[in-house]
Amino acid sequence: MFETEQKIIEKKIQDYYRDNSLPELDEFKWVPVPFSGEWGISTSFFQTAALEARQRANIEQKLPPVPQRAQEIAAGLADYLGTPAGFSRVEAVKGYINLYFSTEVYSARVIDLVLERGQSFGCSAPNDKLVMVEFSQPNTHKAFHVAHLRSMIYGDVLCRLMECAGYGVVRANYYGDIGLHVIKWLWNYIKYHAGERPTEDATRWMGDMYAEATRRLEENPDLESEVRDIYARWDEGDPEVVALWQETRQWSLDGFQSMYDILDIHFDRVYSNSEAEKPGKLFVDELIENGIAEDERPEGPVIVRIDDQLGLEKEKYRVLVILRSDGTALYSTEDLALARIKFREYPLEKSFYVVDVRQSLHFQQVFKTLEIAGYPWATKCKHLPYELVNLPGNVVMASREGTVVLLEDLIRESTSRALELVEQKNPQLASEKKEEIARAVGIGAIKFPLLSRESKKVVTFDWEQALDFNGQAAPYIQYAHVRANSILSRSMQPIPAPLLPQHVLEPSEVELIDYLSRMSAEVVRASEEFKPLIITNLAYNTARVFNEFYMNCPVLKAEPHIRDFRLRLVAATKQVLANELDLLGISAPEIM
RNA sequence: GCCCCUGUAGCUCAAUGGACAGAGCAGUGGCCUUCUAAGCCAUUGGUUGUGGGUUCGAUUCCUGCCAGGGGCGCCA
């Protein structure tokens, strides 16, 4: 936001360096001054001092220790710079030079820019690069539970971040709509539930049916021949089996769709296991012909000895099995083909896979195999791993074990809890409005904890924590947004025209503006590092500082000029909070 | 056996190699005739698992060890 100012100062620093024959730096790292009531940018001179010490090590010349020398340089520069235009004060402290902004000019500039840009504030201009993010990847005919939530939410927010950072984004889903699990389900349905329709809670019903199927097969393994028979019929395209498969698959897909709708997640391109199967088998044939894959059938499967192909001594990529010995497809068969399909369909700069960490090796193997096969785009494929959501005691959620928290249960519990609170706080609202707020709060509360921690750390699902709406959580940020909205609507006037402040800004006003100004840079960083956490931190801090402002700085009862300035500041804060929440896929209610 | 990840306050988590390691929850004590108390203020709590190393400077980078989790030819 202050690149121009930074460049001007950098230029002057370079002049100073030259005049004093100091070693040149490749780049300056500007950081915000740790906040203590004033607002500014800062850079340190430790590196310069260290570099200088190294350069002169062979010369007989005594230099002071690095920290002391850094402080000397900072002090010399502070003298040299004086007080540049746009700044109120320059100081040299502990090896840093701190340049404090003239608040009246810059505070207005930040607020004006936010209000001018509105919903697009914080986002970069489109950069004409296209990326694909594949995420969610649910299996049909199975339960949809809380462990699946992380891919959905992480993937969705990565898309939002990259869109905001200027990329064109293809949001892709990849349904696991065929495989042994589906056939088991069909077998159980045909044999014991023929003709039945799903209950209202279709996804739960599908999951229960799957659990029933696995239970029956565990109790009586002899029945597995019946399952294999159905698989064979599906493979041959038996119209009856295929029709049933398509119909029942749709029940799952409809259930998934309603979940995506509730969570405000959408896709541009939906792939499925079944459509990648045949291309996958053809791909395997190509790899065999090219001498990349080894066909050990019928005794063994088709494999790629990746380390051998690369001539590696130590085992690293090991062996990838790409087709079963009976000729049926594996996940890897389909992944190879699907990667190629994606690049044929779209001119992608990058192809991301949001899949849990247990499949890291699998994706390394698939991408490396594609590279060996000579596809230049193979290096553009990137796996974005995330850790699991476990139950307390490090229990993995598994539908088969019955150790799951179903998504619909969590959402229902969370929204009904939120509804109780709305009833308490705002009993006068229409019930439709109450429900709308409860949805926003309940869903936000679910999403936030999954976004506010490192993706490579295990999340332990805990009911008490999931339903805690206080403190570091989405409702805190939403509430700040509501407070801002409340001030604006009570002001009974449109947002005042741009103006410069004529009062000495309170520390909480300065700090708030400081945080508003950081959004664009943080969005870029978050998208580059694939870290939604950066935005949850920013949003939380923005809300926290606004709450301080709210306590310390009356708006509606302030002197007219101060009131106008603060109304603009409140409007800008409301906009930024809404934009940040939107990036997190969380809605920002006006009342709660 | 090989590979990957994690270890920070009682609990859940932060911290572009840089200024005193910060929040929330829990605990304690305050603040609603003033813009919504889903809030604010104060306070308690740390040898960043551990031994070395690199660096002017390490929670961050390298390495040994300890503890936990995950992955490794026909599961997805």
Side-chain angles (χ1 to χ4, degrees), chain A residues 29 31 33-34 42 44 46-47 49-50 53-54 65-70 93-96 98 137 139 176 179-181 273 296-297 300-305 314-326 328 330-332 334-335 355-362 364-365 385 387-388 390 394 396 418 421-422 424-426 441 445 449 452-454 456-460 462 464-465 468-473 475-476 478-480 482-491 521 525 529 533-534 536-537 540-541 543-544 547-548 550-558 566 570 591-592:
Chain A
K29 282 191 282 186
V31 293
V33 180
S42 175
S44 69
F46 299 108
Q47 263 167 359
R54 242 166 272 146
V66 166
Q68 193 184 327
R69 180 63 186 140
V93 183
K94 295 178 189 168
Y96 287 80
N98 295 336
Q137 307 108 333
N139 284 326
L180 204 52
H181 72 279
N273 246 332
E296 299 180 340
R297 285 176 292 177
V302 179
I303 61 171
V304 180
R305 297 183 192 274
K314 280 181 67 177
E315 57 177 1
K316 181 169 184 192
Y317 297 101
R318 298 162 187 267
V319 173
L320 177 63
V321 178
I322 57 174
L323 198 68
R324 285 197 188 90
S325 48
D326 66 3
T328 55
L330 290 156
Y331 215 58
S332 53
E334 290 149 2
D335 265 340
V355 184
D356 82 67
V357 68
R358 292 175 300 186
Q359 287 173 50
S360 295
L361 178 61
H362 166 81
Q364 278 188 49
Q365 291 177 323
E387 261 293 356
L388 303 181
N390 286 347
N394 215 15
V396 178
L421 278 167
V422 180
Q424 265 174 45
K425 315 265 176 192
N426 287 298
V441 172
S452 62
R453 40 189 52 61
E454 287 273 5
K456 60 184 169 190
K457 287 189 178 172
V458 175
V459 169
T460 302
D462 179 72
E464 202 180 320
Q465 253 173 276
D468 187 356
F469 294 167
N470 295 313
Q472 247 171 29
Y476 180 92
Q478 291 169 317
Y479 186 64
V482 164
R483 281 180 145 182
N485 179 62
S486 177
I487 293 175
L488 295 174
S489 64
R490 276 179 188 274
S491 76
R525 197 160 70 89
E529 297 178 19
L533 156 68
I534 290 170
T536 59
N537 282 348
Y540 174 75
N541 280 318
R544 181 178 56 75
N547 276 326
E548 274 172 40
Y550 185 89
M551 293 306 284
N552 297 329
C553 304
V555 177
L556 299 179
K557 291 190 174 159
R566 287 183 176 164
V570 170
I591 304 170
M592 65 188 260

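Below, chains carry the letters A, B, ... as their sequence lines are ordered, and counting in each starts from 1. Heavy-atom basis, side chains included; hydrogens, waters and symmetry copies ignored.
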Practice task
For A:Asp468, check salt bridge (charged side-chain N to carboxylate O under 4.0 Å, His left out) against everything at least two apart and list the hits.
Solution key: none
Practice task
Taking atom P in both B:C25 and B:C40, compute the distance separating them and give it to the nearest angstrom.
Solution key: 8 Å
Fill in the blank from the handout: Rounded to whole Å, the CD1-P distance (A:Ile487 to B:G39) equals 16 Å
Fill in the blank from the handout: When both distances are under 3.5 Å in a Watson-Crick or G-U wobble arrangement, the nucleotide paired with B:C2 is B:G71
Exercise for the section: Answer with yes or no whether the side chains of A:Arg544 and A:Asn547 bring together a donor and an acceptor at under 3.5 Å. Expected result: no
Completion exercise
From CD of A:Gln47 across to C1' of B:U16 the rounded distance in Å is 12 Å
Problem - Smallest separation among heavy atoms of A:Asn273 and A:Gly176, with atom names - result: ND2-CA, 3.1 Å
Exercise for the section: Output yes when a side-chain donor or acceptor of A:Asn390 lies under 3.5 Å from a complementary backbone atom of A:Thr460, and no otherwise. Expected result: no
Exercise for the section: Kindly indicate, with the supporting measurements, whether the criterion side chain to side chain contact (heavy atoms under 4.5 Å, CB included) is fulfilled by A:Val555 and A:Val570. Expected result: CA-CA 9 Å; A:Val555 177; A:Val570 170; 4.1 Å; yes
Exercise for the section: With RNA chain B as reference, determine whether A:Glu548 or A:Lys314 sits nearer its 5' end, using the nearest nucleotide of each. Expected result: A:Lys314
Practice task
Sequence neighbours left out, what passes ring pair (Phe, Tyr, Trp, His ring centres under 6.0 Å) with A:Tyr540? Give chain and number order.
Solution key: A:Tyr476
Practice task
Once you apply the 3.5 Å cut-off to both distances, tell me the Watson-Crick or G-U wobble partner of B:A9, or none.
Solution key: none
Fill in the blank from the handout: Partner of B:A26 under the Watson-Crick or G-U wobble criteria, both distances under 3.5 Å, comes out as none
Completion exercise
A:Glu454 CD to B:U59 C1', in whole Å, measures 13 Å
Problem - Sugar-phosphate only, base, or nothing, as touched by A:Val422 at under 4.0 Å among non-hydrogen atoms - result: base
Problem - Partner nucleotide of B:U54 by Watson-Crick or wobble geometry (both distances under 3.5 Å) - result: none
Completion exercise
From the candidates B:U8, B:C5, B:C35, the one with an atom nearest any side-chain atom of A:Lys456 is B:C5
Handout entry: Interatomic distance, A:Gln424 CD vs B:A37 C1' [rounded to whole Å]
Key = 12 Å
Fill in the blank from the handout: Counting primed atoms, P, OP1 and OP2 as sugar-phosphate and everything else as base, the B/S/- map of nucleotides 66-76 of chain B against protein heavy atoms under 4.0 Å is ---SSBBBBSB
Problem - Nucleotide B:C41, atom C1' - distance to CG of A:Asn552 in whole Å - result: 10 Å
Fill in the blank from the handout: Ranking A:Val459 and A:Met592 by the position along RNA chain B of their nearest nucleotide, the one closer to 5' is A:Val459
Practice task
Provide, to the nearest angstrom, the distance between the CD1 atom belonging to A:Ile534 and the P atom belonging to B:C13.
Solution key: 18 Å
Exercise for the section: Please identify each residue that fulfils ring pair (Phe, Tyr, Trp, His ring centres under 6.0 Å) with A:Phe46, with sequence neighbours left out. Expected result: A:Tyr96
Practice task
Could you give the distance separating B:G46 and B:U34 at their C1' atoms, to the nearest angstrom?
Solution key: 40 Å
Can you give me every donor-acceptor pair (side chain of residues 318-326 of chain A, partner residue at least two apart or in another chain, under 3.5 Å) with its distance?
residue: A:Arg324; atom: NH1; partner: A:Thr328; partner atom: OG1; Å: 3.0
residue: A:Arg324; atom: NH1; partner: A:Ala329; partner atom: O; Å: 3.1
residue: A:Asp326; atom: OD1; partner: A:Thr328; partner atom: N; Å: 2.9
residue: A:Asp326; atom: OD1; partner: A:Thr328; partner atom: OG1; Å: 2.6

Exercise for the section: Respond yes when some side-chain nitrogen or oxygen of A:Lys316 is under 4.0 Å from OP1 or OP2 of B:C4, and no when none is. Expected result: no
Practice task
Look at all strands and tell whether A:Phe46 reaches a base, only sugar-phosphate, or nothing, counting heavy atoms closer than 4.0 Å.
Solution key: base
Handout entry: Heavy-atom pair with the smallest gap, counting every atom of A:Leu388 and A:Val396
Key = CD1-CG1, 4.5 Å
Fill in the blank from the handout: Whether each nucleotide of nucleotides 19-29 of chain B has a protein heavy atom under 4.0 Å at its base (B), only at its sugar-phosphate (S) or at neither (-) is summarised, 5' to 3', as BS--BSS----
Practice task
Rounded to the nearest angstrom, tell me the gap between atom CZ in A:Arg453 and atom P in B:U8.
Solution key: 14 Å
Handout entry: Base paired to B:G17 (Watson-Crick or G-U; both N/O distances under 3.5 angstrom)
Key = none
Practice task
Scan A:Lys29 against the nucleic acid and name what it touches under 4.0 Å (heavy atoms): base, sugar-phosphate only, or nothing.
Solution key: base
Handout entry: Separation of atom CE in A:Met551 from atom P in B:G30, rounded to whole Å
Key = 17 Å
Exercise for the section: Could you please name the partner base of B:A37, counting Watson-Crick and G-U wobble pairs only when both distances are under 3.5 Å? Expected result: none
Handout entry: A:Asn98 vs A:Ser42, side chain to side chain donor-acceptor pair (under 3.5 Å): CA-CA, chis, key distance, verdict
Key = CA-CA 5 Å; A:Asn98 295 336; A:Ser42 175; 2.8 Å; yes
Exercise for the section: Heavy atoms only: give me the nearest A:Met592-A:Val441 pair and the separation to one decimal. Expected result: CE-CG2, 4.1 Å
